[in-house]
Trainee: 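Sharing a structure here in structure tokens format.
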Amino acid sequence: MELEELDEIKTKLSTPKTITILTHRNPDGDAIGSSLAVKFFLEKYGHSCRIVLPSEYPVIFEYMPRIHEAIIYDQDREKALRAIEEADMMFCLDFNGLDRIDTLGPYVQDNNCYKALIDHHLDPEPFADFYLSDTSASSTCELVYQFIGLLGEKKKLDLDIATCLFTGLITDTGSFKYATNPNVFRVAADLKEMGVDDYTLHDNIFNSWSKRQLEILGHSLRNRMTVYPELSAGIIYLNKQDYMKYQISRGDTEGIVNYILMIKGMKVAAFIREMPTGDIRLSLRSKGDISVQELSRAHFNGGGHKNASGGSSDLDLKSTIEKFIKVLPFYL
Ligand code: 5GP
Ligand code: MN
């Protein structure tokens, strides 16, 4: 980001705007936290802000302030499209490619309004006017905090904004275990100084499982996990029947992929699922220099971060697993 760009966005924000805030499909804590934080922040300038989520948010985030106001495209297409059409400015948060917002992508592109992108994924697409894009940031929430600082507006932060931002720090770093940097701890300290109750946040986010969710985890680990010591890798898969039997819905499988990396010596983890729709989705995790982002970009129409990426496959479940095992050695 250049200084002129910062001046430009400051000028844009100096008069009231109708702003639509967008984030990626299957929004996580960072996506939702950054969206709400930006909304609350911009409202303090007198802007009118709407958040559009391409799909429903996980129930664990019910505690987040005013989350019910978000428009969910999958549930109310008309309202979501209206928010996009009527916007005279957009904020794109925690995604950097229009394919991450699915069929909303073309509508966002069609509206020629000024677009600001704040994100920490690799390889941003050139569809926005303002970029605060930094892959060394732990989370988009860390960058939103930085953005507010760059505008010289930290005095506008309040407890709701701080709580939303802290949520993104926690969820994108697995409670400060990975993707950290010195700055994220400074930001966390600042937010805690503002009164963030990090204990309760952790309790809300991590101790809110249902019995059924634990059973899905148990089933995944006991019956659906294969370890390949020669590849330092493990795979967990779930098939359509599993989805039916355990009534698995979005969010129920969050975090399962990470268990593989708890096995000593594991460097790559894949969680491959055959959704009830028949779509095959992958979640990949790695340690150190192994880039699952490159792997999913090259072979599974996906991307993300070096050590955490996702994608999809046009093959069936069995062939997808075979393909993964075949291409993996090229990335080790
Ligand atoms: P998860 O496995 O938790 O769904 O995603 C891990 C990371 O990869 C997230 O940062 C997410 O944004 C990114 N990601 C997941 N699916 C896709 C995808 O289909 N395309 C791209 N470009 N990134 C993805
Ligand atoms: Mn993020």
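For ligands, and for the atoms within them, numbers begin at 1 and follow the listed sequence.
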Trainee: Taking the six-membered ring for Trp, are Y45 and F41 parallel (under 30°), tilted (30 to 60°) or perpendicular (over 60°)?
Mentor: perpendicular
Trainee: How would you list, by chain and number, every residue that makes a ring pair (Phe, Tyr, Trp, His ring centres under 6.0 Å) with Y331, sequence neighbours excluded?
Mentor: H299
Trainee: Does D123 pair with R297 as a salt bridge, N-O distance under 4.0 Å?
Mentor: yes
Trainee: Apart from F95 itself, what residues make up its hydrophobic cluster when side-chain heavy atoms of I, L, V, M, F, W and Y under 4.5 Å apart count as a link, directly or indirectly?
Mentor: L22, V52, I71, Y73, L81, I84, M90, L98, I101, L104, Y107, V108, L117, F127, Y131
Trainee: Please state which part of E125 comes within less than 4.0 Å of ligand 1, counting heavy atoms only: side chain, backbone, both or neither.
Mentor: neither
Trainee: Charged N to carboxylate O below 4.0 Å: is that the case for D158 and K44?
Mentor: yes
Trainee: Ring-plane angle category for F147 and F91, please: parallel below 30°, perpendicular beyond 60°, tilted otherwise.
Mentor: perpendicular
Trainee: Tell me: protein heavy atom nearest atom 17 (C) of ligand 1, and distance?
Mentor: R100 NH1, 3.3 Å
Trainee: For atom 4 (O) of ligand 1, tell me which residue out of G311, S283, A308 has the closest non-hydrogen atom.
Mentor: S283
Trainee: I'd like to know if R281 contacts ligand 1, where contact means a heavy-atom distance under 4.0 Å to any ligand atom.
Mentor: yes
Trainee: Could you check whether R66 pairs with E69 (Lys NZ or Arg NE/NH1/NH2 to Asp/Glu carboxylate O, under 4.0 Å)?
Mentor: yes
Trainee: Do we see a donor-acceptor contact under 3.5 Å between the side chains of K318 and T320?
Mentor: no
Trainee: Of all the non-hydrogen atoms in the protein, which one sits nearest to atom 22 (N) of ligand 1, and at what distance?
Mentor: G303 N, 3.4 Å
Trainee: Indicate yes or no: does an N/O atom of R285 lie under 3.5 Å from an N/O atom of ligand 1?
Mentor: yes
Trainee: Between ligand 1 and H121, can you find any atom pair, the residue atom being a heavy atom, that is separated by under 4.0 Å?
Mentor: yes
Trainee: Does the pair E86/R50 count as a salt bridge with the N-to-O cut at 4.0 Å?
Mentor: yes
Trainee: Please state which part of H305 comes within less than 4.0 Å of ligand 1, counting heavy atoms only: side chain, backbone, both or neither.
Mentor: side chain
Trainee: Just to check, does S309 reach to within less than 4.0 Å of ligand 1 when the distance is taken from its heavy atoms?
Mentor: yes
Trainee: Within a 6.0 Å radius of atom NZ on K211, are there more than 12 heavy atoms belonging to other residues, nucleotides or ligands?
Mentor: no
Trainee: Everything protein-side that's N, O or S and under 2.8 Å from the Mn ion (ligand 2): list it, residue and atom.
Mentor: D30 OD2, D94 OD1, H120 NE2, D172 OD2
Trainee: Please identify each residue that fulfils salt bridge (Lys or Arg N to Asp or Glu O under 4.0 Å) with K156, with sequence neighbours left out.
Mentor: E153
Trainee: Ligand 1 and L282, any nitrogen or oxygen pair closer than 3.5 angstrom?
Mentor: no
Trainee: May I ask you to identify the nearest protein heavy atom to atom 15 (C) of ligand 1, giving residue, atom name and distance to one decimal place in Å?
Mentor: G310 CA, 3.4 Å
